[in-house]
Amino acid sequence: MSGTEEDPGAGSTVRHGLPELIGERREKARRLREADDQAFPYHFRGSEPIAEILSQYERLSAGDETEDKHRVAGRLVARREGGGAAFLDVVDRTGKIQLHARMDVLGEQRFAELTSLDIGDLIGVDGAALRSRRGEISLRVDSFALLAKALRPPPDTHRGLADVETRHRRRELDLIANEDVRRVFLDRAQIVRAVRAYLDSEGFVEVETPVLQPLYGGALARPFTTHHNLLERTLYLRIATELYLKRLLVGGLERVYELGKDFRNEGVSSKHNPEFTMVEFYEAYADYEDAAARLEALVGAAASAVAYAGELDFTVPWKRVGFMRAIAEATGVDLRAAANAPALAREITARQLALATEGASWGQMADGLLAKYVEPTLNEPTFVLDYPVELSPFAREHRSEPGLVERWEAFAGGIEIANAFTELNDADAQRQRFQAQREAAEGGDEEAQPFDEPFLQALEQGMPPAGGVGVGIDRLVMLLTGRDSIREVVLFPAMRD
RNA sequence: GCCCCGUUAGCUCAUCAGGUAGAGCCCCGGACUUUUAAUCCGGUGGGGCGGGUUCGAGUCCCGCACGGGGCACCA
């Protein structure tokens, strides 16, 4: 038997290049459509999550068969044929189940159609639960439908997709091939849910403020600039939600939060994506100590939502260390003794610290010392408290420490995950801070805050004392899923064209 | 922006003083009615891009693109 009448492509001399693989799959789809104009159903309702079926038959013995009917839908990832029987593995987002196809059940025609499916095709199956002789929970295929043809071959469904560039540019392939990647993004969704659930349950109101802003602010960063054609004006993509949210405190909403994307026009790295997700929440009549307790509770809730079992200990209270003390311990530099830029620069040089001092302000150098010599050492969850006012234009002056503000940043796993202050609600003091920022900008600081008159007018209306927190969601996800690159927790990270 | 490393078949990986580039999976044909990356037989596919050196370049040199790591900056 030559078999050529069944395969018009047999004998062709060129096969298996990508165009040939696609051509074969397309030809199969064409034949299916030709044979049956209902070959590709519009829906396949009532399928059960595979994981639920598996858990239902944990106690079934090897070799036992049931007549319990189940319906599943998913992607075909493996096929093991053996004459009149075949085993196929189908994956949905919850798990993988084996199908047992038998010619005596399906008939010769349907059996041949099933075994001629390609790896990567989407199928729907009705069948009865059983546990195979080798012990695997399976479905005996009573009927099936091809739900969609995969014209392109999938990545290796056994070993997974390894090429980092392909994984990030074509995340759909990554999700098909790598179960742990699927897990990370399902966990990410749970973490976001837990954050919202915590804030909702504490009486915070979720709000949405402008992403396109006439004036950016609320953080020290360079913005993306865009243009509105009909308004004929420059607009900026927000770098933070801070200033609008505080205007809502003025408006009396008392507890507000926003969870969404911020955009910063800066470098890309394993810890930085140009667009990233931040939740900021503001609480009237609270200070930065209250805010710290909130963060501890929020992170704890997120950790339990994904059943975090890593090495970090989120038991409250987390460690606390003063900003100046942390730097002194890590570098020996006494910031109170080196209280101006030239003095601090001399100190950094004398101690042979690898930090650029040329043209840097005192605040930039102090911040640099923290980022370089303290932050990487903060593995266990830690609050660094009481920052220099130079670094914090929106934080209120410390109630007892001159020159410092009531601000903390929270670190874990060697990265910063949150930033908070007792908010500055004195309109006149805030006006002076903006003035100082204006001077910094004139001095060439590209990250200085623009002068925000509408915000100042809001403060002049009266803002309650308040604590505010910003949490980097991507970094929190990195922490709780044990990933060391932000690209592993952002579905489509920024890439070059 | 700078430095280092990488780029071989649809996927995962080999190979080599500069001398016709191999395997597994996938795909095609065949055998097998309980397989587990099933097995067995047969078959098909390739050096990121552009230059240079050389009789001959995947391999050496130069440039470019993209990716990864580090530095700078940042959350």
Side-chain angles (χ1 to χ4, degrees), chain A residues 1-4 6-25 27-28 62-63 65 77-89 96 98-105 111 116 118-120 130-136 138 140 152-169 173 176-177 219-222 239-240 262 264-274 276-278 354-356 360 364 367-368 371-372 375 409 411 415-419 446-447 470-476 484-487 495-497:
Chain A
M1 299 290 272
S2 71
T4 48
E6 292 201 6
D7 184 2
S12 119
T13 52
V14 182
R15 277 200 217 127
H16 200 63
L18 184 57
E20 289 72 32
L21 291 177
I22 292 175
E24 284 166 356
R25 286 165 178 256
E27 174 62 17
K28 284 184 183 177
E65 306 197 6
V77 296
R79 181 179 53 236
R80 298 173 290 280
E81 291 181 64
F87 295 87
L88 305 95
D89 294 338
K96 176 163 75 177
Q98 173 171 271
L99 306 177
H100 183 200
R102 296 169 50 151
M103 195 184 283
D104 57 2
V105 172
F111 183 81
S116 68
D118 291 309
I119 304 299
L130 62 96
R131 191 185 281 276
S132 72
R133 287 178 208 161
R134 299 292 177 90
E136 183 153 346
S138 312
R140 179 194 71 212
R152 291 177 180 273
D156 192 310
T157 47
H158 299 300
R159 269 183 273 205
L161 177 66
D163 182 77
V164 175
E165 183 170 357
T166 307
R167 289 187 46 237
H168 293 163
R169 286 189 192 276
L173 298 183
I176 287 170
L220 302 174
R222 288 191 292 179
I239 60 173
D262 288 341
R264 297 189 185 175
N265 206 340
E266 287 158 357
V268 174
S269 79
S270 61
K271 294 185 179 59
H272 302 85
N273 198 54
F276 62 103
T277 303
M278 175 92 102
L355 196 71
Q364 286 168 336
D367 196 37
K372 187 148 193 173
E375 178 170 344
E409 290 185 301
F411 301 86
I415 57 174
E416 182 189 341
I417 58 167
N419 179 28
E446 291 185 322
E447 294 179 346
V471 186
I473 294 292
D474 311 281
R475 290 183 172 186
L476 182 60
D484 58 9
S485 168
I486 197 170
R487 298 180 203 100
M495 306 282 273
R496 279 179 208 276
D497 274 338

For this session: Indicate for each nucleotide in nucleotides 35-40 of chain B, in 5' to 3' sequence, whether protein heavy atoms under 4.0 Å reach the base (B), only the sugar-phosphate (S), or nothing (-).
Result: BBBB--
For this session: Please identify each residue that fulfils ring-ring contact (aromatic ring centres under 6.0 Å, His included) with A:Phe276, with sequence neighbours left out.
Result: none
For this session: Name all residues meeting the ring-ring contact (aromatic ring centres under 6.0 Å, His included) criterion together with A:His168; count only those two or more places apart in sequence or in a different chain, and write none if there are none.
Result: none
Pairs under 3.5 angstrom only: tabulate donor-acceptor contacts from the side chains of residues 159-166 of chain A to other protein residues two or more places apart or in another chain.
unit_1	atom_1	unit_2	atom_2	d
A:Asp163	OD2	A:Glu165	N	3.4
A:Asp163	OD2	A:Thr166	N	2.8
A:Asp163	OD2	A:Thr166	OG1	2.7
A:Glu165	OE2	A:Arg169	NE	3.0

Exercise. Using the C1' atom in both, what is the distance from B:rC28 to B:rU33, to the nearest Å?
Worked result: 23 Å
For this session: List for me each residue that meets side-chain contact (heavy atoms from CB on, under 4.5 Å) alongside A:Ala85, sequence neighbours excluded, and say none if there are none.
Result: A:His100
Exercise. Which part of the nucleic acid, if any, lies within contact of A:Asp484, taking any heavy atom under 4.0 Å across all strands shown: a base, the sugar-phosphate backbone alone, or nothing?
Worked result: nothing
Pairwise N/O distances under 3.5 Å, protein to nucleotides 6-8 of chain B:
none

For this session: Looking only at side-chain atoms of A:Ser270, point me to the closest of B:rA75, B:rG68, B:rG69.
Result: B:rG69
Seminar exercise, completed: B:rC60 -> Watson-Crick or G-U wobble partner, both distances under 3.5 Å, gives B:rG52
Exercise. Where the side chain of A:Arg169 is concerned, which of B:rC66, B:rC71, B:rC26 is the nearest nucleotide?
Worked result: B:rC66
For this session: Would you indicate what A:Met278 reaches in the nucleic acid, counting non-hydrogen atoms under 4.0 angstrom: base, sugar-phosphate, or nothing?
Result: nothing
For this session: Sort out the partner of B:rU35 for me: Watson-Crick or G-U wobble, both distances under 3.5 Å, none otherwise.
Result: none
Exercise. Counting side-chain heavy atoms from CB outward, which of B:rU34, B:rA75, B:rC26 is closest to A:Ile119?
Worked result: B:rC26
